[in-house]
Participant: 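Below is the structure I would like to discuss, written out as structure tokens.
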Number of protein chains: 2
Amino acid sequence: MTQRAASKSKPKSPPAVRGSRATGRVTIIDVAAEAGVSPMTVSRALKTPALVQEQSRQRILEAIDKLGYVPNQAAATLASARSQVVAVLVPSLTNAVFIETLSGIRDYLASVGYQFLIGETGYDRHKEEELIATYLAHAPAGFLLSSSQQHDILQSRPASRAIPAVRMFDLGRSQQDYSVGFSQTRAGHAVARHLAERGYRRPAFLAAQLDPRMMKRREGFRKGLQEAGLAADIEVLLPQPTTVDMGAQLLRRVLQDHPDCDSVFCCNDDLALGALFECQRQGISVPRQMAIAGFNDLSWAACATPSITTVVTPRYDIGYQSAEMLVRQLKGEEIAKGRLDLGFELAVREST
Amino acid sequence: MTQRAASKSKPKSPPAVRGSRATGRVTIIDVAAEAGVSPMTVSRALKTPALVQEQSRQRILEAIDKLGYVPNQAAATLASARSQVVAVLVPSLTNAVFIETLSGIRDYLASVGYQFLIGETGYDRHKEEELIATYLAHAPAGFLLSSSQQHDILQSRPASRAIPAVRMFDLGRSQQDYSVGFSQTRAGHAVARHLAERGYRRPAFLAAQLDPRMMKRREGFRKGLQEAGLAADIEVLLPQPTTVDMGAQLLRRVLQDHPDCDSVFCCNDDLALGALFECQRQGISVPRQMAIAGFNDLSWAACATPSITTVVTPRYDIGYQSAEMLVRQLKGEEIAKGRLDLGFELAVREST
DNA sequence: CTGAAAGCGCTTACAG
DNA sequence: CTGAAAGCGCTTACAG
């Protein structure tokens, strides 16, 4: 059954007003006629109400209500060469981390009347380039990205068509290289120092999904261990996507290759959860025989048995603030801090 | 620093071709001139290549490449009164279930050149209405929804402006009430029967986020228990959002109020995980002293210690197939099965 | 504070 | 297979 036929069978809607145009849609022209003003004034009443006389505005709002007028975004975008849509590119949609970031983005954008398109890059640079090309056709007002390469590409467009972008999670190199995030390196460093202070002598680094951020955490972790006089030689790195089960696998690998390992830094909480389950399965006491630290503070970290030490990351705020920074650019506002470090926190719990 | 100033400082782009129009953008007119055809032929070469002579098409593609032409979607939408954007409304973005559904939607839509906008309703009906109103301004080609009320609203629009919609997760009442999902009731029923068959005598139902789907699972569960001759009197229902920690809370409540309870059906895997952690904390052996069943088969269910019995739901497929059903409606194709039951599976594991 | 004119970049509907 | 004309619904830039 087609769309048309389906709706014919339920003709119970309020009899919609037919617009004057051939399409039958109610347009700004119909509203103008109803309110006794020009279309231009209707447009102003919607975009810049302060420039319209109170009385006119009232009549316009009534007309809009009466006719059921809905603005046509496509026409607005075409006429103004500027859309109210922001393109957001995240590495993965199946990772809770990025989802919370999207919530932050959505909350800010909704508050200023913007929409957003979401692209998933799968941690793949080429995919990201493709997506940007696709999105450019939608004339997005700006981009929120999670890698640095594409940032450069967008900025290098001719000035007349430059599209602002903000990079999330990582910090940029300068105030002009707009970014909102925290230092992945320092976060890794903090975990190393914590394990060393607790007295663990043989910490391992476990990671999957080897994107640049993981590598920075690793770098900081190694440096932290070395500063504490510990060896940074135990590592298991796998390129596959992160899963809980992979945490269990990584732990088995470590136990097999390095029986003297006494603690693990899992580069995210999914892996940490899998590692914990594996310890439980093998009857290894956590943290007595094996300490476990994670990353991100996902919902289960605080209430696992034992609760999991992890790095609390400002995911929601990264989304919210990067959206705000982007919109401020769009409005041509001055941005004092173009490199916004939101920091992180180490939540020390029972597992270490 | 403003957008313009920022890009001026990095003038390293390939010198983009300037279009003939006042905006400087490269349009279909520029491509036409370059290829020596009319704009209309360029439009055809892009939308219906079969209608354009091979030779012309070649020249047009070369011109597009040379000029770096990017189609303007806003203009296309305005002219055709039809966008390539689908509006998707899900209850929550922080729930892995819906995220996987979005992946399915994205994969199908990407394959046919559509984009999508995502709205989060927060399980709130009014919020959903608001979102629909907002999205209507973007002239979406269609809607993918997760509740039934709004479905009716859209279908009741005047035929000339009807916007097709498909409902996800739940099944509709008829083949005309487009929907893709599975029977929540039967899934709940299957869990009850399984627990009864395993010999549990005092099963409880634990739920949070009391949306209509939860209520259907509960209904099926109660019915299943009754059919097995068991009482369906132990329940803890909380309206708050689901978290892992809430699973622990719910379990504590049940143990306190019903010390004879020997098994719990948690209406999702987050709750099941929390319940498992709480048992571990209290030294309650799972499944010997307390059996736990979950719902959805999220990543940790299979590898927890003990592994968690759960209902495997076709989340990705629901997204993929509902997107397909929607697009087929958009194309005016015949849809034989407008009510697509994708079923579910009970994964029996160590926890029951 | 308000309006008439022109144009945004594409597609529809018609004619060849 | 191709093209000239008109129009989609709004906003910009100007004039009052």
Participant: What's the CD-P distance between Gln58(B) and dC1(D), to the nearest Å?
Facilitator: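 Rounding to the nearest Å, CD of Gln58(B) and P of dC1(D) are 15 Å apart.
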Participant: What is the distance, rounded to the nearest whole Å, between atom CD1 of Ile29(A) and atom P of dG7(D)?
Facilitator: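 Nearest whole value for this atom pair: 12 Å.
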Participant: With a 4.0 Å cut-off, would you call Glu54(A) and Arg57(A) a salt bridge?
Facilitator: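 Between Arg57(A) and Glu54(A) there is a salt bridge, with a charged N closer than 4.0 Å to a carboxylate O.
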Participant: Under 4.0 angstrom, heavy atoms only, what part of the nucleic acid is Ala45(B) near: base, sugar-phosphate, or nothing?
Facilitator: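 No contact.
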Participant: For Glu54(B) and Ser80(B), find the nucleotide of DNA chain D closest to each by heavy atoms; which residue's nucleotide sits nearer the 5' end?
Facilitator: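 The 5'-side residue here is Glu54(B).
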Participant: Looking only at atom types and distance, does a side-chain atom of Gln115(A) sit under 3.5 Å from a main-chain N or O of Val85(A), one as donor and one as acceptor?
Facilitator: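 A pair under 3.5 Å: no.
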Participant: Using a heavy-atom cut-off of under 4.0 Å over every strand shown, decide if Ala50(A) touches base, sugar-phosphate, or nothing.
Facilitator: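 Sugar-phosphate, no base atom in range.
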Participant: Output the rounded distance in Å from CG (Leu51(A)) to C1' (dA13(D)).
Facilitator: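 Spelled out: CG on Leu51(A) to C1' on dA13(D) is 15 Å.
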Participant: Roughly how many Å is it from CD1 in Ile64(B) to C1' in dC10(C), rounded to a whole number?
Facilitator: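 From Ile64(B) CD1 to dC10(C) C1': 13 Å.
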Participant: OP1 or OP2 of dC10(C) less than 4.0 angstrom from a side-chain nitrogen or oxygen of Gln73(B), does that happen here?
Facilitator: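 For dC10(C), OP1/OP2 do not have a side-chain N/O of Gln73(B) under 4.0 Å.
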Participant: Just by distance, do the side chain of Asp107(B) and the backbone of Gly104(B) share a donor-acceptor pair under 3.5 Å?
Facilitator: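 Flag not set: sc Asp107(B) to bb Gly104(B) has no pair under 3.5 Å.
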Participant: Spell out, as yes or no, whether a donor-acceptor pair under 3.5 Å connects the side chain of Gln84(A) to the backbone of Tyr114(A).
Facilitator: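 Absent.
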Participant: Could you state the atom-to-atom distance from CD1 of Ile60(A) to C1' of dT2(C) in whole Å?
Facilitator: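 Going from CD1 in Ile60(A) over to C1' in dT2(C) covers 10 Å.
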Participant: So Ser56(B), base contact, sugar-phosphate only, or nothing? Heavy-atom distance under 4.0 Å.
Facilitator: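 The residue Ser56(B) makes sugar-phosphate contact but no base contact.
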Participant: If you measure from OG on Ser103(B) to CD on Glu100(B), what distance do you get to the nearest 0.5 Å?
Facilitator: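 One finds 7.0 Å between OG of Ser103(B) and CD of Glu100(B).
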Participant: With the side chain of Val52(B) defined as its heavy atoms from C-beta on, choose the nearest nucleotide among dT2(D), dC8(C), dG9(D).
Facilitator: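 Nearest nucleotide to the side chain: dT2(D).
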Participant: Starting the side chain at C-beta, find the nucleotide from dC8(D), dC8(C), dT2(C) nearest to Arg25(A).
Facilitator: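 Out of dC8(D), dC8(C), dT2(C), the nucleotide with an atom closest to Arg25(A)'s side chain is dC8(D).
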Participant: Could you check how far CD of Gln84(B) sits from P of dT11(C), rounded to whole Å?
Facilitator: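 Distance, rounded to whole Å: 10 Å.
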Participant: Give me the residues of residues 33-43 of chain A where at least one heavy atom lies under 4.0 Å from an atom of DNA chain C, by number, or none.
Facilitator: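 The stretch gives Val37(A), Ser38(A), Met40(A), Thr41(A) as the residues lying under 4.0 Å from the strand, ordered by number.
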Participant: Which nucleotide wins on minimum distance to the side chain of Ile28(B), given the candidates dT11(D), dC1(C), dC10(C)?
Facilitator: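 Side chain of Ile28(B) sits closest to dC10(C).
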Participant: Can you find a pair of side-chain heavy atoms, one from Leu326(B) and one from Val86(B), that are under 4.5 Å apart?
Facilitator: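 Touching, per the 4.5 Å side-chain cut-off.
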Participant: Report which part of the nucleic acid Ala76(B) touches: base, sugar-phosphate, or nothing (heavy-atom distance under 4.0 Å, all strands).
Facilitator: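 Sugar-phosphate: the residue Ala76(B), judged by heavy atoms under 4.0 Å, touches backbone atoms but no base.
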Participant: Hey, which of Leu89(A), Val180(A), Leu144(A) is the one that makes side-chain contact (heavy atoms from CB on, under 4.5 Å) with Met168(A)?
Facilitator: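 It is Leu144(A), the one option of Leu89(A), Val180(A), Leu144(A) that forms the side-chain contact (heavy atoms from CB on, under 4.5 Å) with Met168(A).
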Participant: Can you tell me how far apart OG1 (Thr121(A)) and OH (Tyr123(A)) are? Round to the nearest 0.5 Å.
Facilitator: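 One finds 8.0 Å between OG1 of Thr121(A) and OH of Tyr123(A).
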Participant: Whole-Å distance between dT11(C) P and Leu78(B) CG?
Facilitator: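 Answer to the nearest Å: 11 Å.
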Participant: Are any of Arg44(A)'s side-chain N or O atoms less than 4.0 Å away from OP1 or OP2 of dT2(C)?
Facilitator: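 Result: no.
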Participant: Both distances under 3.5 Å, Watson-Crick or G-U wobble: on that basis, could you give the dot-bracket string for DNA chain D, with [ ] for crossing pairs and | for other-strand partners?
Facilitator: |||.||||||||.|||
Participant: Quick one: CD1 on Ile118(B) to CG on Leu93(B), what's the gap to the nearest 0.5 Å?
Facilitator: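 Reported value, rounded in 0.5 Å steps: 6.0 Å.
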Participant: Send over the distance from Asn72(A) CG to dG7(D) P, rounded to a whole Å.
Facilitator: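 Rounding to the nearest Å, CG of Asn72(A) and P of dG7(D) are 18 Å apart.
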Participant: Could you check whether the rings of Tyr135(B) and Phe143(B) sit parallel, tilted or perpendicular, using 30° and 60° as the cut-offs?
Facilitator: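 Aromatic pair Tyr135(B)/Phe143(B) classed tilted.
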